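Have a look at the structure below before the remarks.
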Number of protein chains: 2
Amino acid sequence: MTRIMRLSQPERVEAMRGRLLDATIDSLALSGYHGFSTNDVVRRAGVSRGALAHHFPTKADLVAAAADRLIGQRATEFRERFAAVPPRRRTVAKALDVLWTFFDDRGFHALLELAVAARTDAELRPVVAAGLRHASDVTRQVFAESFPALAQQPFIAEVLDGILALYVGLAAESALDDDAGHRASAVRSVLKGALSLGAASAPSLP
Amino acid sequence: MTRIMRLSQPERVEAMRGRLLDATIDSLALSGYHGFSTNDVVRRAGVSRGALAHHFPTKADLVAAAADRLIGQRATEFRERFAAVPPRRRTVAKALDVLWTFFDDRGFHALLELAVAARTDAELRPVVAAGLRHASDVTRQVFAESFPALAQQPFIAEVLDGILALYVGLAAESALDDDAGHRASAVRSVLKGALSLGAASAPSLP
DNA sequence: ATGGATACCGGCAGGCTTGCCTGTCGGTAT
DNA sequence: ATACCGACAGGCAAGCCTGCCGGTATCCAT
């Protein structure tokens, strides 16, 4: 009875959960948390309401799972993209550019919606808070591997957290207006110059 | 028929609009844009649905007006709080502390909700975008008045925009988690130290 | 003082959302 | 081979939200 059904049951389950979660992320990025509905998710995923209810009984379960998936995906993709940079070209400026690519895509927009919604959603808050901590940790680790000489500088953790927060703010602005996007570009450009200078002179400081 | 009614009609209108708009801002800050409803607004303001419909026919009108009011209020309050600092104490560190008070209150939370919602709401986007530009302009002006010597430094506009964006990111994080709040405090502390040093040495640079 | 406009009230209808419930199909274990 | 179990489909009901409408009170102008 297996014509084209070469997928085992656990494979089908994982595929279904993936479609549902991806549809959730797309819907979040496109429509925002407001304007987000489970109906839109099932429409986008091309499945029935029953399928969604089976895997994610409540809406909170769905968004929490989507946040988890998103955080996990981005952490691994973060390491991969940094590892893909040839060691020759691993400068601070290049690192900032690679980092910025994570604040300019659909995934970040979905995560921003979830983060803002989490402030007033007790069920979502711990998930996003853990994701934030994860982002901070992963960034520190990757930086330490890419720039071992600079990683011993004082306050490096605070500087990295600050860059992440700055990029969050700039990306949120850029999503609104082209003009805001231009200003954000100018800020990143100046930051790049300042940090490159700082990194070059820092090792000579006690 | 007028026991305590000493208010003229335009005054009553303004009072009603103010109650409605303040209730909107409170509701936004407390419940988020998701979970925000006109019913909650009229309940909170203690008026009827008809009154709301009379002054703000549609929900979009209401939130746009609330955003405008919020932006205007904060701009004047920003100037006031800076003017209230005795000239003796107008240091960069103090300025950063005063600035931060604007990212730690109910008004910012409401504005953040509106800003994120504006990304996917064509009617709200231009209002918030204009507010952002306004914030950038006002900050630059106040800074130029408070620190005329530093205002001639190169890239000062970009640095100020960057500080605003950084604070947006830090405030968004802090709203989620105490731990995130602690990290944000550490970042602000390091920034304060770095900028104080930079400001002290900057005038000697060409 | 009177007419007209304006502010305000409270209920109604339509649409959408979420969660649940039953029914059916296919896979899996014994 | 059979009996069970999980995956999935689709419809239903309750609740809420938004926008609109007729009705009433209050204020300003003539």
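Treat the numbers as computed from the prediction; the structure is a model and nothing was measured. By convention in this document, chain letters (A, B, ...) are assigned in the order of the sequence lines, proteins followed by strands, and residues within each chain are numbered from 1.
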Nearest-Å distance for atom pair [atom1]/[atom2], residues [X] and [N]:
X	N	atom1	atom2	answer
B:Glu14	C:dA7	CD	C1'	14 Å
B:Asn39	C:dG10	CG	C1'	12 Å
A:Asp40	C:dT17	CG	C1'	12 Å
A:Lys59	C:dG19	NZ	P	8 Å
B:His34	C:dT18	NE2	P	11 Å
A:Asp121	C:dT18	CG	C1'	15 Å
B:Phe56	D:dC20	CZ	P	16 Å
B:Tyr33	D:dC17	OH	C1'	13 Å

So which protein nitrogen or oxygen atoms get under 3.5 Å of nucleotides 8-10 of chain D's nitrogens or oxygens?
residue	atom	partner	partner atom	Å
D:dC8	OP2	A:His55	NE2	2.4
D:dA9	OP2	A:Ser48	N	3.0
D:dA9	OP2	A:Ser48	OG	2.6
D:dA9	O5'	A:Ser48	OG	3.1
D:dG10	N7	A:Gly50	N	3.4

By salt bridge (Lys or Arg N to Asp or Glu O under 4.0 Å) - contacts of [X] (at least two apart):
X	answer
B:Asp26	B:Arg106
B:Arg140	B:Asp137
A:Asp68	none

query = Can you list every ring-ring contact (aromatic ring centres under 6.0 Å, His included) pair that touches residues 121-144 of chain A, not counting sequence neighbours?
reply =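 Residue pairs with at least one partner in residues 121-144 of chain A: A:Phe143-A:Phe147.
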Of all pairs that satisfy ring-ring contact (aromatic ring centres under 6.0 Å, His included), the ones with a partner from residues 35-64 of chain B, not counting sequence neighbours = none
message = Does a side-chain N or O of A:Thr58 approach OP1 or OP2 of C:dG19 to a distance below 4.0 Å, or not?
response =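 Affirmative; the distance criterion is met.
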request  = Using a cut-off of strictly less than 4.0 Å, decide whether B:Ser37 has a side-chain nitrogen or oxygen near OP1 or OP2 of D:dC17.
outcome  = yes
ask   = Do NZ/NE/NH1/NH2 and the carboxylate oxygens of A:Asp97 and A:Arg89 come within less than 4.0 Å?
value = no
